[in-house]
Colleague: 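Before I ask anything, let me first share the structure, which is written out below as structure tokens.
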Amino acid sequence: MTPDQERWAEALAIERQHGMMAPMWIAERIGALAMAGDHVGVARFRKIAAKHEQLLSNNRGAC
């Protein structure tokens with residue numbers, strides 16, 4: 001699995017687990033990682049956030 005595929009899988013798992021609260025959960029996670037000084041973690045979750053937004057956009061277009 002490529003890193004890009006992993007980010008997609010993570011975004012989907014977060015959506016399934018947190019539903020409508022997923023964007024807030026992701027933002028809180030990014031904030032916690034930033035406060036901890038985890039720049040790699042922040043970058044990873046920003047990529048997950050982008051994939052999640054694409055996932056939501058695709059779902060909105062399908063309705």
Side-chain angles (χ1 to χ4, degrees):
M1 185 179 283
T2 68
D4 191 58
Q5 290 170 325
E6 288 176 1
R7 300 304 80 84
W8 276 112
E10 291 164 332
L12 183 57
I14 291 167
E15 175 63 22
R16 287 180 177 161
Q17 185 173 7
H18 297 282
M20 290 177 28
M21 298 301 292
M24 183 180 296
W25 187 88
I26 293 169
E28 288 173 352
R29 187 71 184 134
I30 291 170
L33 290 165
M35 294 288 290
D38 184 350
H39 304 292
V40 173
V42 169
R44 176 181 166 196
F45 267 85
R46 284 186 176 165
K47 290 175 185 174
I48 292 169
K51 299 298 185 197
H52 185 260
E53 181 58 34
Q54 288 178 337
L55 181 67
L56 293 181
S57 294
N58 289 341
N59 285 342
R60 283 186 214 123
C63 295

Colleague: Going from CE on Met21 to CD1 on Ile14, what distance comes out if it is rounded to the nearest 0.5 angstrom?
Modeller: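 Taking CE in Met21 and CD1 in Ile14, the distance rounds to 13.5 Å.
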Colleague: Please evaluate residues Arg29 and Leu33 with respect to the criterion side-chain contact (heavy atoms from CB on, under 4.5 Å), reporting the C-alpha separation (whole Å), side-chain torsions for both, the decisive distance (0.1 Å), and the verdict.
Modeller: CA-CA 6 Å; Arg29 187 71 184 134; Leu33 290 165; 3.9 Å; yes
Colleague: Provide the closest heavy-atom pair for Ala49 versus Ile26 in the form atom of the first, atom of the second, distance.
Modeller: CB-CG2, 3.7 Å
Colleague: If hydrophobic clusters are built from ILVMFWY residues whose side chains come within less than 4.5 Å, do Trp25 and Val42 share one?
Modeller: yes
Colleague: So, applying side chain to side chain contact (heavy atoms under 4.5 Å, CB included) with Phe45, which one of Asp38, Val40, Ile30 is it?
Modeller: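 Of all the options given, the one that passes is Ile30.
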Colleague: Nearest 0.5 Å, what's the CG-CD distance between Asn58 and Glu53?
Modeller: 10.0 Å
Colleague: Is Asp4 close to Lys47 at the side-chain level, that is, under 4.5 Å between some pair of heavy atoms?
Modeller: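 Side chain of Lys47 against side chain of Asp4, heavy atoms only: no contact under 4.5 Å found.
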Colleague: State, to 0.1 Å, how close Ala11 and Lys51 come at their nearest heavy-atom pair, and which atoms those are.
Modeller: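 Scanning both residues, the minimum pair turns out to be CB-CB, 3.9 Å.
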Colleague: Which heavy atom of Pro23 sits nearest a heavy atom of Leu56, and at what distance?
Modeller: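 Of all heavy-atom pairs spanning Pro23 and Leu56, the closest is CG-CD1, 4.4 Å.
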Colleague: Is Trp8 reachable from Ile48 through a run of hydrophobic residues whose side-chain heavy atoms are each under 4.5 Å from the next?
Modeller: no
Colleague: Shortest non-hydrogen contact from Glu15 to Ala22?
Modeller: OE1-CB, 3.7 Å
